Peer 1: 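Just passing along the structure, written as C-alpha cells.
Fair warning: this is a prediction, and the values are worked out from it, not measured in the lab. Along the sequence shown, residues carry numbers from 1. What you see below is based on every heavy atom in this structure, not just the backbone, and it leaves out hydrogens, waters and symmetry mates.
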Amino acid sequence: MNELHTFLATVWFVLLGIIIALYVLLEGCDLGVNILSLLAYKPALRHQLREYSGRTGQANELWLVLAGGVLFGAFPTAYTLILHTLYIPLILLLGGLLMRRAGFASGSLLAAVAQGLILGGLMGSMSGGLTPFTLVVSLGVVSGYALLGASSLLNHPHGSIKTLAKRWAMAFAVGALATLVTVLLWIPAIHPYLSTRWQHPTTVVLLGGVWLAVLLVSIALLRSLRGHGRYSPLKWSLTLFLLTFTGLAASLYPDIIPGYLGLEQAAASSKTLIFMSFGVGLLLPLLLAYNGFQYLLFNKSSEQKN
C-alpha cells in the first residue's frame, strides 16, 4: 500500500509540474512582451508591443486555476502550509492577474514578481516576507519571462522592434542565466541536507545530465541571438525553461516543500488520488481544446488585420 501511495504521489507531483509548465509555455511570451512594453520609451512603441501580445491570457490562466485545484486535492497539507505562509505573494499574484485583465501592463510585472516570490519562498525558508533569496528568484523569473517575450518579438514584422528585441533578449538571457547559477549555488546553503542527497551516484547522473543540457542549450541560445545556429532564439528559450524547471524539480524531489514536507507526507490518501485521476483526466483534454480554439481565433484575427 505504501508503494502504491508513493507511486500515486509521484505521478501527481509530475502532473502538477506539467500543468505549471504548460502555463508558462502558453502565457510566458505574452507576459514577457507586456513587461517589455514598460521599457518602451515612446507611447507608439508601447502600443505596438501591447498590440502584438496575445489575447489568449484568459485561457492560459485557467492552467493556474487547475494547478491550484490539483495542489488542494492531491497535496492538501502543502496547500494549507503555502496558503498560510505565502499569502502575501499569492495576493500580489491575484492582483497582478486582475490588473492584466483590466489592460494594465504593469499587472504582468506584478504577476511575474509574485510568482518569483512564491517560488523563492517554496525553495527557501518558507518566509512570506522579502528576503535576499526570494528577491533573486523573482529577478530570475522576471528575466525569464522578458527573455521569452523578447524572443517572440524577433518575429515582429517591424525591423526597429526586432532590433530592440534582440538587445533585450541578449540582456535578459544573461540576467536569467546569472540568477539561475546564483540560485543553484544558494540552495545547498539554505538546505544543507540536499548536498548529501545530490552526491548519490544515481542523482549525480540524472541531475548532471539535466544541467549539462541546460548549459548546452544556453550556449545555443546565445549563439542564435548572435545570428548563428539553425533554430530560433524562441525555441531555445522555451527549451531552456523546460530543462531548468525539470532540473529544479528533480533537485528537490522527493520533497514538495524542501525542509518541510515530503511527497508522501503531503499527499492525500490513495483513494483520493485515484478518484481525482478521473476528474482531471476529463478536464485536461477540455482545457487543451479550449486553448487550441483560442489560439485559432487569435491567429485568424491577426491574419485578417495584417
Side-chain angles (χ1 to χ4, degrees), residues 1-21 23-24 64 66-87 89-90 114-129 131-134 136-138 140-141 179-211 214 241-270 272-273 276:
M1 191 67 178
N2 288 334
E3 292 182 359
L4 175 62
H5 189 252
T6 301
F7 171 75
L8 290 172
T10 302
V11 169
W12 279 101
F13 178 73
V14 173
L15 182 60
L16 179 61
I18 291 174
I19 291 171
I20 295 173
Y23 165 75
V24 176
L64 271 186
L66 180 59
V70 167
L71 184 64
F72 173 76
F75 304 103
T77 307
Y79 179 88
T80 302
L81 182 59
I82 291 171
L83 199 63
H84 175 73
T85 307
L86 303 177
Y87 63 92
L90 288 169
Q115 290 174 31
L117 293 176
I118 294 170
L119 180 60
L122 289 174
M123 294 191 301
S125 57
M126 281 297 287
S127 172
T131 66
F133 181 75
T134 57
V136 169
V137 175
S138 292
V141 171
T179 52
L180 174 60
V181 172
T182 303
V183 168
L184 289 177
L185 294 175
W186 205 332
I187 288 178
I190 300 175
H191 304 291
Y193 74 95
L194 288 176
S195 299
T196 304
R197 182 187 295 174
W198 291 350
Q199 292 173 12
H200 190 277
T202 304
T203 306
V204 169
V205 173
L206 292 176
L207 292 182
V210 173
W211 295 121
V214 168
F241 159 74
L242 284 175
L243 288 172
T244 301
F245 185 76
T246 302
L248 288 174
S251 298
L252 302 178
Y253 179 86
D255 292 341
I256 190 167
I257 302 178
Y260 289 87
L261 279 177
L263 284 183
E264 291 186 61
Q265 183 184 2
S269 66
S270 298
T272 300
L273 296 178
M276 285 181 59

Peer 1: At what distance, to the nearest 0.5 angstrom, does CD1 of I20 lie from CD of Q115?
Peer 2: 9.5 Å

Peer 1: Give me the atom names and distance for the closest heavy-atom approach of T272 to G73.
Peer 2: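 Closest pair (atom of T272, atom of G73, distance): CG2-O, 3.9 Å.
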
Peer 1: Considering residues, nucleotides and ligands other than Y193, do more than 12 of their heavy atoms fall under 6.0 Å from its OH?
Peer 2: yes

Peer 1: Give me the atom names and distance for the closest heavy-atom approach of A21 to L242.
Peer 2: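 The pair with the smallest heavy-atom distance is CB-CD2, 4.2 Å.
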
Peer 1: Checking the side chain of H5 only, and the main-chain atoms of A268 only, is there a donor and an acceptor separated by less than 3.5 Å?
Peer 2: yes

Peer 1: Considering all heavy atoms of both residues, which atom of A267 and which atom of L273 are nearest to each other, and what is their separation?
Peer 2: CB-CD1, 4.4 Å

Peer 1: Roughly how far, to the nearest 0.5 Å, is CG of L90 from CG of L83?
Peer 2: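 If we round to the nearest 0.5 Å, L83:CG and L90:CG are 6.5 Å apart.
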
Peer 1: Measure the spacing between CG of L16 and CD1 of I256 and express it to the nearest 0.5 Å.
Peer 2: 6.5 Å

Peer 1: Taking only residues two or more places apart in sequence, or in another chain, which ones meet V183 in a side chain to side chain contact (heavy atoms under 4.5 Å, CB included)?
Peer 2: M123, F133, V136, V137, I187

Peer 1: Is the number of heavy atoms from other residues, nucleotides or ligands within 6.0 Å of CZ (F245) greater than 12?
Peer 2: yes

Peer 1: Considering non-hydrogen atoms only, spot the tightest contact between V210 and G247 and give its length.
Peer 2: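 Here V210 and G247 meet closest at CG1-CA, 3.6 Å.
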
Peer 1: Can you name the residues that form a side chain to side chain contact (heavy atoms under 4.5 Å, CB included) with Q265, not counting sequence neighbours?
Peer 2: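 By the side chain to side chain contact (heavy atoms under 4.5 Å, CB included) rule, Q265 matches L261.
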
Peer 1: Hey, could you give me the CG/OG1 distance between L119 and T134, rounded to the nearest 0.5 Å?
Peer 2: 10.5 Å

Peer 1: Just to verify, what does Y253 make a side chain to side chain contact (heavy atoms under 4.5 Å, CB included) with, not counting sequence neighbours?
Peer 2: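 Partners of Y253 under the side chain to side chain contact (heavy atoms under 4.5 Å, CB included) test: T10, F13, L263.
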
Peer 1: Of the non-hydrogen atoms in L207 and W198, which two are nearest, and what is the gap between them?
Peer 2: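 Looking at all heavy atoms of both residues, the closest pair is CD1-CD1, 3.8 Å.
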
Peer 1: Tell me every residue that passes side chain to side chain contact (heavy atoms under 4.5 Å, CB included) with L180, counting only those two or more places apart in sequence or in another chain.
Peer 2: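 Partners of L180 by the side chain to side chain contact (heavy atoms under 4.5 Å, CB included) criterion, ordered by chain and then number, come out as L184, W211, V214, T244.
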
Peer 1: Verify side chain to side chain contact (heavy atoms under 4.5 Å, CB included) between L117 and V141, making sure each step is shown before the conclusion.
Peer 2: CA-CA 9 Å; L117 293 176; V141 171; over 6 Å; no

Peer 1: Can you pull the salt bridge (Lys or Arg N to Asp or Glu O under 4.0 Å) pairs that have at least one residue in residues 180-205, sequence neighbours excluded?
Peer 2: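 Matches after skipping sequence neighbours: R197-D255.
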
Peer 1: Could you pull out the closest heavy-atom pair between F75 and A9, with the gap in Å?
Peer 2: CZ-O, 3.5 Å

Peer 1: Suppose the criterion is salt bridge (Lys or Arg N to Asp or Glu O under 4.0 Å): which pairs have a residue in residues 241-253, not counting sequence neighbours?
Peer 2: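 For residues 241-253, and leaving out neighbouring residues, there are no salt bridge (Lys or Arg N to Asp or Glu O under 4.0 Å) pairs at all.
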
Peer 1: To the closest 0.5 Å, what do you measure between OG1 (T85) and CD1 (I257)?
Peer 2: 7.5 Å

Peer 1: Measure the shortest side-chain to side-chain distance between L194 and S251 over non-hydrogen atoms and say whether it is less than 4.5 angstrom.
Peer 2: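 Side-chain contact under 4.5 Å: no.
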
Peer 1: Can you measure from CG (L206) to OG1 (T246) and round to the nearest 0.5 angstrom?
Peer 2: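 Rounded to the nearest 0.5 Å, the CG-OG1 separation comes out at 12.0 Å.
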
